[in-house]
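In what follows, chains are A, B, ... by sequence order, proteins preceding strands, each numbered from 1. Just so it is clear, the values below take in all heavy atoms, side chains as well, and ignore hydrogens, waters and symmetry mates.
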2 protein chains.
Amino acid sequence: MAKVRHSRFDCSPGCSVEAAIGLIDGKWKSVILFHLLSGTLRFNEIRKIIPNMTQRMLTNQLREMEDDGLISRKVYAQVPPKVEYSLSPLGRSMEPVLLALKQWGDANLGLYGKPKIANPDEAASADSVGA
Amino acid sequence: MAKVRHSRFDCSPGCSVEAAIGLIDGKWKSVILFHLLSGTLRFNEIRKIIPNMTQRMLTNQLREMEDDGLISRKVYAQVPPKVEYSLSPLGRSMEPVLLALKQWGDANLGLYGKPKIANPDEAASADSVGA
DNA sequence: CAGTATCCAGGAGGATACTG
DNA sequence: CAGTATCCTCCTGGATACTG
């Protein structure tokens with residue numbers, strides 16, 4: 001589990017929630033993780049998928065998640081370097097969380113032109129939501 | 001849904017994951033939310049539950065979540081002020097996420113002396129986290 | 001291709017004091 | 001009781017340039 005660079009482990013009941021979130025905060029981690037759910041990806045593939053992220057950030061987030069044991073890094077000793085990133089078993093075990101997050105976002109945030117919340121008595125109507 | 005002060009809506013597929021996380025990051029939000037799952041709480045009650053958090057932070061996080069529509073704030077016009085915080089329907093709809101997070105944390109982080117992942121020998125070797 | 005190395009700005013979050 | 005108001009620090013993350 002490496003270092004826990006997050007200063008987040010204050011621990012009261014609910015601590016594990018915080019701790020869990022601590023591993024997937026970071027501006028891009030959740031997105032990277034989410035895309036890795038679909039399978040192994042190479043460095044530049046991720047960059048293409050998430051163009052707004054600089055390579056510095058990609059490396060950072062990737063390294064932290066690797067340290068946290070969420071992802072695996074496979075380096076092929078080749079002339080044109082090739083590095084593949086994939087979910088570790090621990091990272092894969094995060095799938096329900098990621099999916100819950102995605103579903104909630106799809107259902108309750110109006111990111112794709114959906115009408116979002118609007119009505120208290122209608123919180124999670126979510127007639128749609130693929131998945 | 002107010003302002004979305006997070007600069008986080010870059011939106012690529014997986015965006016909703018990011019967006020959803022954006023609402024519950026903040027050092028204490030998830031913990032507050034989690035405790036509110038159990039019921040309405042007053043300002044100072046929350047402070048007691050999460051002693052490490054300053055009142056400034058509590059107010060901050062509370063306000064942001066209120067702006068995001070996750071919680072409701074009920075003020076009683078009394079001599080000794082009384083303010084109650086509770087989950088809004090939207091906040092309540094976050095329950096599966098919070099629970100998934102908590103379960104994952106309990107299962108995979110060794111915060112309470114649990115053995116965590118039970119898989120590859122590397123996954124994690126509980127020893128860090130002084131709590 | 002897959003990173004490192006530097007530099008830099010902004011904002012999150014902590015400490016402390018005051019108030020309706 | 002339930003906040004505000006200030007001040008200040010550090011860390012996150014963006015931009016850019018270089019490399020094995």
Participant: Whole-Å distance between D:dT16 C1' and A:Leu58 CG?
Facilitator: 17 Å
Participant: Separation of A:Gln55 atom CD from C:dC1 atom C1', in whole Å?
Facilitator: 12 Å
Participant: D:dA2, OP1 or OP2 - any side-chain N/O from B:Arg73 closer than 4.0 Å?
Facilitator: no
Participant: Considering every strand shown, what is the Watson-Crick or G-U wobble mate of D:dT12 when both distances are under 3.5 Å?
Facilitator: C:dA9
Participant: Measure CG/B:Asp25 against P/D:dC11 and give the value in whole Å, please.
Facilitator: 18 Å
Participant: Same cluster for B:Val79 and B:Tyr76 if Ile/Leu/Val/Met/Phe/Trp/Tyr side chains link at under 4.5 Å?
Facilitator: no
Participant: For C:dG20, what is the paired nucleotide under Watson-Crick or G-U wobble rules, both distances under 3.5 Å?
Facilitator: D:dC1
Participant: In whole angstrom, give the distance that lies between atom NZ of A:Lys82 and atom C1' of C:dG3.
Facilitator: 17 Å
Participant: Does A:Arg56 reach a base, just sugar-phosphate, or nothing at all? Heavy atoms under 4.0 Å.
Facilitator: base
Participant: Considering all heavy atoms of both residues, which atom of A:Leu101 and which atom of B:Ile24 are nearest to each other, and what is their separation?
Facilitator: CD1-CD1, 4.3 Å
Participant: Rounded to the nearest angstrom, tell me the gap between atom CZ in A:Arg42 and atom P in C:dC1.
Facilitator: 8 Å
Participant: Would you mind classifying the nucleic acid contact of B:Tyr76 as base, sugar-phosphate or nothing, using non-hydrogen atoms under 4.0 angstrom?
Facilitator: nothing
Participant: B:Lys74 NZ to D:dG3 C1': how many Å, rounded?
Facilitator: 20 Å
Participant: When you measure from the side chain of A:Pro81, which nucleotide among D:dG14, C:dG14, C:dA2 comes out closest?
Facilitator: C:dA2
Participant: Looking at A:Arg47, does any N or O in its side chain come under 4.0 Å of the phosphate oxygens OP1/OP2 on C:dC1?
Facilitator: no
Participant: Indicate whether OP1 or OP2 belonging to D:dC1 is found under 4.0 Å from a side-chain N or O atom of B:Tyr85.
Facilitator: no
Participant: Tell me which nucleotide among D:dG20, D:dC1, D:dG3 gets nearest to the side chain of B:Phe43.
Facilitator: D:dG3
Participant: Can you see which heavy atom on B:Ala100 is nearest to which on A:Val97, and at what distance?
Facilitator: O-CG2, 3.6 Å
Participant: Between A:Lys102 and A:Asp106, does any side-chain N to carboxylate O distance fall below 4.0 Å?
Facilitator: yes
Participant: Output yes when B:Arg92 and B:Glu95 qualify as a salt bridge under the 4.0 Å nitrogen-oxygen rule, no when they do not.
Facilitator: yes
Participant: From the options C:dG13, C:dG3, C:dA15, select the nucleotide whose nearest atom is closest to the side chain of A:Arg63.
Facilitator: C:dG3
Participant: Using the side-chain heavy atoms of A:Met57, tell me which of these nucleotides is nearest: C:dG3, D:dG14, C:dG14.
Facilitator: D:dG14
Participant: From the set C:dG14, D:dG13, C:dT16, return the single nucleotide nearest to any side-chain atom of B:Trp28.
Facilitator: C:dG14
Participant: Taking CD1 from B:Ile32 and C1' from C:dG13, how many angstroms apart are they, rounded to a whole number?
Facilitator: 13 Å
Participant: Does B:Gln61 reach a base, just sugar-phosphate, or nothing at all? Heavy atoms under 4.0 Å.
Facilitator: sugar-phosphate
